[in-house]
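Working notes, beginning with the structure itself.
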Amino acid sequence: MSWQEYVDNNLQCPVDAEGSTLKASALVGLENSVWAKSADFPDMSTDEMDVIKAIFDGTNPGSFTIGGLKYMALGSEDPETKMRGKCAGGGCSISKTGKTLVIGIWATPVLASACNKVVEALAEYLVSVDY
């Protein structure tokens, strides 16, 4: 399966009974390259990727941007591998694996918990196959 198929089939799948999907999603390598993304995923700068990785490392506890949109970083049950972000009208879920960031962006009516579920499920699978 290609990286794009992981995004298309695992992150952009229906997340609720109404068939809603995430607004956008991507797999971003820890070396700052986008492996695959949905059509609506915004362009991310390497600086934006570095700030997100710094939050996971505990060196930047504040906010971050994705494609220029500012998110407030929220805590999670596992701050070394899971992060949530909140912005007006939506938010994001980011999971860090050994080699990638799995990013899902949601907007209402999608719930944050639905976004977290699909992002974390793909991240757990990637960790299980050493990614």
Would Ile94 and Phe56 satisfy side-chain contact (heavy atoms from CB on, under 4.5 Å), going step by step from the backbone distance to the final call? CA-CA 10 Å; Ile94 305 172; Phe56 279 115; 3.8 Å; yes
Value rounded to 0.5 Å, distance of CD1 in Ile103 from CE in Met49: 7.5 Å
Joint cluster assignment, Val28 & Trp106, ILVMFWY side-chain distance < 4.5 Å: no
If you take all heavy atoms of Lys53 and Leu30, which pair is closest and at what distance? NZ-O, 2.7 Å
Residue pairs passing the side chain to side chain donor-acceptor pair (under 3.5 Å) test where at least one lies in residues 9-19, sequence neighbours excluded: Gln12-Ser25, Asp16-Ser20
Do other residues, nucleotides or ligands put more than 12 heavy atoms under 6.0 Å from the CG atom of Asp57? yes
Quick check: closest heavy atoms across Ser95 and Val119, and the distance to 0.1 Å? OG-CG1, 3.7 Å
Taking every non-hydrogen atom, the tightest pair across Ser93 and Cys115: CB-SG, 3.7 Å
Shortest non-hydrogen pair, Thr21 vs Val110, comes out as O-CG2, 3.4 Å
In terms of hydrophobic clusters joined by side-chain contacts under 4.5 Å, are Phe41 and Leu122 together? no
Residue pair Val102, Leu27: steps toward the side-chain contact (heavy atoms from CB on, under 4.5 Å) verdict: CA-CA 5 Å; Val102 180; Leu27 293 172; 3.7 Å; yes
Are Tyr6 and Trp35 packed together at the side-chain level, in the sense that at least one heavy-atom pair is separated by less than 4.5 angstrom? no
same_hphob_cluster(Leu22, Met44) at 4.5 Å side-chain heavy-atom cutoff: no
Same apolar cluster: Leu69 and Ile52, side chain cutoff 4.5 Å: yes
Give the ring-plane orientation class for Tyr71 versus Phe64, where under 30° counts as parallel, over 60° as perpendicular and anything between as tilted. parallel
Atom of Met83, atom of Ala73 and distance for their closest heavy-atom approach: SD-CB, 4.4 Å
Quick one: CD1 on Ile66 to CD on Glu48, what's the gap to the nearest 0.5 Å? 7.5 Å
Look only at the side chain of Thr59 and the backbone of Ala54, and say whether a donor-acceptor pair between them is shorter than 3.5 Å. yes
Test side-chain hydrogen bond (donor to acceptor under 3.5 Å, both in side chains) applied to Asn32 and Asp47, Thr46, Asp50, the passing residue: Asp50
Lys96 vs Asp78, test: salt bridge (Lys or Arg N to Asp or Glu O under 4.0 Å). Steps then yes/no. CA-CA 10 Å; Lys96 180 181 173 186; Asp78 184 359; over 6 Å; no
Considering only heavy atoms from C-beta outward, does the side chain of Trp3 approach that of Thr100 to under 4.5 Å? no
Quick one: do Ile105 and Leu101 end up in the same hydrophobic cluster if we chain Ile, Leu, Val, Met, Phe, Trp and Tyr together by side-chain heavy atoms under 4.5 Å apart? yes
With a 4.5 Å heavy-atom cut-off, do Cys13 and Val118 have their side chains touching? yes
Take atom CD of Glu80 as the centre, draw a 6.0 Å sphere, and report whether it contains more than 12 heavy atoms from other residues, nucleotides or ligands. no
Smallest separation among heavy atoms of Lys37 and Val7, with atom names: C-CG1, 3.9 Å
Who are the salt bridge (charged side-chain N to carboxylate O under 4.0 Å, His left out) partners of Glu120, not counting sequence neighbours? Lys82, Arg84
